[in-house]
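To start, the structure under review is shown below, and the notes come after it.
By convention here, the first residue in the shown sequence is residue 1.
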Amino acid sequence: LFEADMNFFFGALWNRKLVKHAEKKNMLGQEQWGNRAGKCAMDAVMLKQLSFMVSKLTRTTLISFDKDAKACYDRMVMSLVNLRAQQIGMPAKVCKFISATMDAAHYHVKTSLGISEEHYESTTDQPLYGSGQGKKDAPSEWLVLSTLIMGIMSEKTKGAHFCDPENQVSVQRNLDGFVDDVTAFTNDFQASLQQQVTWEVLLSNMQVAAQWWEQLLYATGGKLELSKCFFYVIDWISDKKTGRVRPATIEETPGHIQLIQSEDASPILIERKDTHSAHRTLGTWMNGTEGQKAALMVLREKSNHFYRAFGTSAMTQRAARRAYQNVYLPSMTYPLDNTSLSRKQLHQIESKPISTLLPRMGFNRCTSLEIVYGPTDRLGVGIRSLYVEQGVKKLQQMIKHIRNGGQVGKMFLIAMKWFQLRCGTSQSAFEQPTTTIPHEEGLWLVSLRQFLAESDTRLLVPAIATTQTYRVND
């Protein structure tokens, strides 16, 4: 570990000075969502969720490629990091000082037996890569380096483009990343709307984009964790038996992506997932068709874990309250921004751990639910319903991003406008959530409408256009 004062100096220099300056000058792009103020992992998750939703609402082909960098902090070429730091505003003298300090540093091994007498250091013949163990500015160093190669991606790929039905709101994205986890997208939105592009063409484009990312990562010292890479091909076909549109299977859209490793020129076949197959991304579970089975199963397993832990623990009332507020609630509610589970499903998930926790908090396990979920200032227990938490978190995400006007907010507007167009009602589906619309699609938004209806709430979004009536009594 680094000496405390020196580590604090490096952290202040990079985190408080350089990154803030680069953010003010808009020099870090919009692709990286990690290690930045005002951005979080759930923002990147929502972009992926909304991309899948818009593809479903518009029946347009979309290909996504998830890739993970291997040991990103330990493989950084520090000379390149310092050059990038100069590019975005760090004085050359400061960069030389940092470089000289790290080159002259002696590294000892510390274990439970003490600190080793011998040491190792960086040499000309065998330079050390990475920022070092426990270095406070490592996240900022990866931030400036990753945004460099993310910005270069546009030289060989157009990424994905999304727009609303009136072509008033549009978003162009090559990829979305959170630290070392990156998802790339490719489509041809306008051509897909007119059915003038095939999935084979888009898959070929993604092949080029994925290889280009691998080469850029290798050139800057990094390497892809190929065992964690996978891709979706989301294409839509009409089922001849039912007449409904459904996602195409792998057999109906055969194709693969093969990358050539820059390290040894060996070809690697990348895993392809079926659109119904779920994957874990930044602590949440999703697939290409908005399926909820995996998210439901994981939440149920987590709930059962808390049920067993609470049932075998001898806790005081104060400890039980803290366990609920500081451990159970954050863990269970974290993925709810991205889920679309019903009230019944979430009640079944939370009933067992809550019934076990209530006696340890000093309440009868058979206490009325009105009292259990009631606020403490109204003499309730103060337990928060997971279903209500899911709905509130969805509303907070939507309102926050639409008002902020960034990429996520624009994707929300695009998805909501296509949703409204598919509903085909003369009034906004979110202003009149109690109106039954049997043909509504887009599970995330359908779930939100149901929550609005049950909580007697309306969502007013002036940007959403409604279908105009042309005759009396239409």
Side-chain angles (χ1 to χ4, degrees), residues 45 47-67 157-163 165 171 173-176 183-211 228-259 268-281 284-295 338 340 411 414-415 418-419 421-422 438-446:
V45 173
L47 278 174
K48 183 187 289 189
Q49 176 78 278
L50 291 167
S51 300
F52 292 157
M53 190 193 310
V54 172
S55 172
K56 182 176 183 179
L57 289 171
T58 58
R59 308 294 194 259
T60 52
T61 306
L62 177 69
I63 298 180
S64 69
F65 190 111
D66 284 63
K67 37 206 171 185
T157 176
K158 295 180 180 179
H161 173 262
F162 302 93
C163 69
V171 172
R173 305 188 345 257
N174 284 326
L175 44 80
D176 305 310
T183 302
F185 297 94
T186 185
N187 71 358
D188 193 335
F189 194 73
Q190 296 293 346
S192 289
L193 287 175
Q194 304 297 326
Q195 298 183 348
Q196 295 176 351
V197 67
T198 62
W199 63 266
E200 292 94 341
V201 173
L202 297 179
L203 187 63
S204 176
N205 294 342
M206 179 57 77
Q207 168 78 48
V208 174
Q211 187 66 67
K228 296 182 180 180
C229 295
F230 61 90
F231 70 98
Y232 284 116
V233 176
I234 304 176
D235 195 34
W236 305 93
I237 62 174
S238 178
D239 195 308
K240 296 180 180 179
K241 294 182 179 180
T242 64
R244 297 181 178 179
V245 176
R246 60 171 176 80
T249 63
I250 294 180
E251 291 74 20
E252 292 168 329
T253 55
H256 65 273
I257 291 179
Q258 181 174 274
L259 298 185
I268 302 294
L269 195 64
I270 303 301
E271 176 190 3
R272 176 179 174 180
K273 288 185 178 292
D274 184 81
T275 51
H276 296 284
S277 177
H279 67 280
R280 184 178 181 178
T281 175
T284 66
W285 287 83
M286 69 168 67
N287 61 19
T289 59
E290 299 185 283
Q292 300 295 301
K293 288 184 179 180
N338 189 52
S340 299
M411 285 298 297
I414 291 171
W418 281 110
F419 178 87
L421 183 64
R422 280 213 163 268
H439 56 277
E440 61 184 355
E441 292 183 347
L443 186 58
W444 197 94
L445 293 176
V446 172

Determine the minimum heavy-atom distance between [X] and [Y], stating which atoms define it.
{"X": "Ile414", "Y": "Cys163", "result": "CG2-O, 3.5 Å"}
{"X": "Ala415", "Y": "Leu445", "result": "O-CD1, 3.9 Å"}
{"X": "Asn187", "Y": "Ala160", "result": "OD1-CA, 3.1 Å"}
{"X": "Gly442", "Y": "Leu57", "result": "N-CD2, 4.1 Å"}

*Verdict with supporting geometry, Phe52 and Thr289, side-chain contact (heavy atoms from CB on, under 4.5 Å)*: CA-CA 7 Å; Phe52 292 157; Thr289 59; over 6 Å; no
*Which is it for Phe162 and Leu50 under the side-chain contact (heavy atoms from CB on, under 4.5 Å) test, yes or no, and what are the steps along the way?*
CA-CA 10 Å; Phe162 302 93; Leu50 291 167; over 6 Å; no
Which distance, rounded to the nearest 0.5 Å, do you find between the [atom1] of [X] and the [atom2] of [Y]?
{"X": "Thr186", "Y": "Ile63", "atom1": "OG1", "atom2": "CD1", "result": "6.5 Å"}
{"X": "Ser64", "Y": "Leu175", "atom1": "OG", "atom2": "CG", "result": "12.0 Å"}
{"X": "Lys228", "Y": "Arg280", "atom1": "NZ", "atom2": "CZ", "result": "10.5 Å"}
{"X": "Ser192", "Y": "Leu202", "atom1": "OG", "atom2": "CG", "result": "6.0 Å"}
{"X": "Gln49", "Y": "Asn338", "atom1": "CD", "atom2": "CG", "result": "4.5 Å"}
{"X": "Ser340", "Y": "Gln292", "atom1": "OG", "atom2": "CD", "result": "4.5 Å"}

*asked:* Out of the candidates Arg246, Arg59, Lys56, only one should pair with Glu441 under the salt bridge (Lys or Arg N to Asp or Glu O under 4.0 Å) rule; please name it.
replied: Arg59
*Is the backbone of Gly288 close enough, under 3.5 Å, to the side chain of Glu290 for a donor and an acceptor to pair up by distance?*
no
*Is the backbone N or O of Thr249 less than 3.5 Å from a side-chain atom of Thr253, with the two atoms forming a donor-acceptor pair by type?*
yes
[Y] side chain reached by [X] side chain, heavy atoms, under 4.5 Å:
{"X": "Phe231", "Y": "Glu271", "value": "no"}
{"X": "Ser51", "Y": "Leu62", "value": "yes"}
{"X": "Leu259", "Y": "Gln207", "value": "yes"}
{"X": "Val171", "Y": "His161", "value": "no"}
{"X": "Thr183", "Y": "Phe65", "value": "no"}
{"X": "His276", "Y": "Pro247", "value": "yes"}
{"X": "Ile234", "Y": "Trp199", "value": "no"}
{"X": "Glu200", "Y": "Leu203", "value": "no"}

_Which residue in the set Phe419, Trp418, Trp444 passes side-chain contact (heavy atoms from CB on, under 4.5 Å) when paired with Met53?_
Trp444
*asked:* Do Trp236 and Thr60 pair up side chain to side chain, a donor and an acceptor below 3.5 Å, judged on atom types alone?
replied: no
*Polar side chain donor-acceptor pair, Ser277 to Asn287, under 3.5 angstrom*: no
*Flag yes if more than 12 heavy atoms outside Gln195 fall under 6.0 Å of its CD atom; otherwise flag no.*
no
*Output, in order, the C-alpha distance, side-chain angles, deciding distance and verdict of side-chain contact (heavy atoms from CB on, under 4.5 Å) for Arg272 and Phe230.*
CA-CA 5 Å; Arg272 176 179 174 180; Phe230 61 90; over 6 Å; no
*Between Arg173 and Phe185, is NZ or CZ placed under 6.0 angstrom from the six-membered ring centre and within 45° of the ring axis?*
yes
*Under 6.0 Å from the six-membered ring centre of Tyr232 and within 45° of its axis: does the NZ or CZ of Lys273 meet both?*
no
_Please determine whether side-chain contact (heavy atoms from CB on, under 4.5 Å) holds for the pair His256 and Ile270, giving the CA-CA distance in whole Å, both sets of side-chain angles, and the decisive distance to 0.1 Å._
CA-CA 7 Å; His256 65 273; Ile270 303 301; over 6 Å; no
*Less than 4.0 Å between a side-chain N and a carboxylate O, is that true for Arg244 and Asp239?*
no
_So that I can tick it off, tell me whether Lys48 and Asp66 are bridged by a salt bridge, with the cut-off set at under 4.0 angstrom between side-chain N and carboxylate O._
yes
*Just one of Thr275, Thr61, Thr198 clears the side-chain hydrogen bond (donor to acceptor under 3.5 Å, both in side chains) bar with Asp235, so which one?*
Thr61
